[in-house]
Amino acid sequence: MQTRRDVFQAIADPTRREIINLVAAEALNLNAIADNFAISRPAISQHIKILTECGLIIIRKQGRERFCEARLTPLSEVADWVEPFRKRWARQFDRLDTLLDELKTKKPRKKKS
């Protein structure tokens with residue numbers, strides 16, 4: 001039985017997030033990716049496998065080399081999930097801004113002696 005992988009699993013790991021960042025900038029071969037990490041090549045290969053299963057990376061063969069290319073469209077699922085939270089925080093910050101503006105415009109009370 002194969003485990004279903006989703007984009008949330010892919011971005012849950014900091015190494016995979018960094019791999020996504022690397023290949024989003026340019027297609028890289030597996031050795032070039034592995035050179036950026038202090039973990040074994042098999043560990044990098046496992047991360048790449050998860051990223052390909054989630055659809056965030058495709059592997060393209062060019063001669064004897066295998067290059068990883070980013071396919072970031074699946075991240076829209078994360079953006080869609082995060083959006084209501086972003087809107088909520090934006091409303092909260094807007095309310096805080098309004099309150100701070102009100103506090104700034106209020107005249108200070110004179111102290112009674």
Side-chain angles (χ1 to χ4, degrees):
M1 184 170 100
Q2 183 170 344
T3 304
R4 183 189 174 313
R5 304 231 190 245
D6 66 17
V7 70
F8 293 94
Q9 288 174 304
I11 65 170
D13 185 273
T15 300
R16 289 194 290 272
R17 289 192 303 266
E18 185 56 29
I19 292 170
I20 293 167
N21 286 334
L22 289 169
V23 299
E26 65 180 311
L28 295 171
N29 67 29
L30 297 174
N31 288 327
I33 293 170
D35 288 345
N36 288 278
F37 299 93
I39 59 177
S40 69
R41 169 74 191 268
I44 292 295
S45 292
Q46 185 60 35
H47 286 299
I48 298 291
K49 178 182 177 192
I50 291 168
L51 290 169
T52 57
E53 289 173 357
C54 296
L56 287 169
I57 285 181
I58 61 163
I59 298 177
R60 176 181 47 83
K61 288 187 177 183
Q62 185 176 353
R64 292 171 39 185
E65 294 282 343
R66 294 172 19 154
F67 285 86
C68 296
E69 295 179 357
R71 292 292 185 253
L72 303 179
T73 304
L75 289 176
S76 65
E77 183 179 349
V78 176
D80 292 345
W81 183 79
V82 168
E83 184 60 17
F85 299 103
R86 189 200 61 74
K87 286 180 179 178
R88 181 177 180 187
W89 278 104
R91 283 192 304 271
Q92 295 291 343
F93 283 123
D94 289 344
R95 289 174 53 197
L96 180 59
D97 285 341
T98 301
L99 177 62
L100 292 173
D101 287 341
E102 288 172 5
L103 291 173
K104 279 189 224 176
T105 58
K106 280 189 177 180
K107 293 182 181 177
R109 291 185 180 176
K110 292 186 179 182
K111 293 182 183 179
K112 291 183 181 180
S113 310

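Values reported hereafter were calculated over all heavy atoms of this structure, with side chains retained and with hydrogens, waters and symmetry mates removed. The first residue in the sequence is number 1, and the count goes up from there.
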Student: Is Leu30 reachable from Ile39 through a run of I, L, V, M, F, W or Y residues, each pair having side-chain heavy atoms under 4.5 Å apart?
Tutor: yes
Student: What verdict does the side-chain contact (heavy atoms from CB on, under 4.5 Å) test give for Ile57 and Ile19, after you've listed the backbone C-alpha separation in whole Å, the side-chain angles of each residue and the deciding distance to 0.1 Å?
Tutor: CA-CA 9 Å; Ile57 285 181; Ile19 292 170; 3.8 Å; yes
Student: Any ion pair linking Glu18 and Arg16 (charged N to carboxylate O, less than 4.0 Å)?
Tutor: no
Student: Is Phe67 reachable from Ile59 through a run of I, L, V, M, F, W or Y residues, each pair having side-chain heavy atoms under 4.5 Å apart?
Tutor: no
Student: Is there a side-chain contact between Lys104 and Glu102 in this structure, where contact means two heavy atoms from C-beta onward sitting under 4.5 Å apart?
Tutor: no
Student: Answer with yes or no whether the hydrophobic clustering places Leu28 together with Ile50; edges join I, L, V, M, F, W, Y residues whose side-chain heavy atoms lie under 4.5 Å apart.
Tutor: no
Student: Going by the rule side-chain contact (heavy atoms from CB on, under 4.5 Å), which residues pair with Asn31 if we only count those two or more places apart in sequence or in a different chain?
Tutor: Asn29, Arg41
Student: State whether the side chain of Asp13 and the backbone N or O of Gln9 hold a donor-acceptor pair below 3.5 Å, judged by distance alone.
Tutor: no
Student: Can you find a heavy atom in the side chain of Thr98 that is under 4.5 Å from one in the side chain of Phe93?
Tutor: no
Student: Are side-chain heavy atoms of Leu72 and Ile20 found at a separation under 4.5 Å?
Tutor: yes
Student: Measure the spacing between CZ of Arg60 and CD of Gln62 and express it to the nearest 0.5 Å.
Tutor: 5.0 Å
Student: Ignoring hydrogens, what is the shortest heavy-atom contact between Gly55 and Pro74? Give both atom names and the distance.
Tutor: O-CG, 3.4 Å
Student: How long is the span from the CZ atom in Arg5 to the CG atom in Leu51, to the nearest 0.5 Å?
Tutor: 10.0 Å
Student: Would Arg91 and Lys87 count as a side-chain contact (heavy atoms from CB on, under 4.5 Å) here? Give the steps.
Tutor: CA-CA 6 Å; Arg91 283 192 304 271; Lys87 286 180 179 178; 3.9 Å; yes
Student: Flag the pair Ile48 / Gln46 as yes when at least one side-chain heavy-atom distance between them is below 4.5 Å, and no otherwise.
Tutor: no
Student: Could you tell me the separation between the OG atom of Ser76 and the CD atom of Glu83, rounded to the nearest 0.5 Å?
Tutor: 12.5 Å
Student: Mind checking whether Ile58 and Arg71 have side chains closer than 4.5 Å, heavy atoms only?
Tutor: yes
Student: How long is the gap from CZ on Arg66 to CD1 on Ile33, to the nearest 0.5 Å?
Tutor: 10.0 Å
Student: Taking Arg17 for its side chain and Ile11 for its backbone only, find out whether a donor-acceptor pair lies under 3.5 Å.
Tutor: yes
Student: Does Phe8 have any ring-ring contact (aromatic ring centres under 6.0 Å, His included) partners at least two apart in sequence or in another chain, and if so, which?
Tutor: Trp81
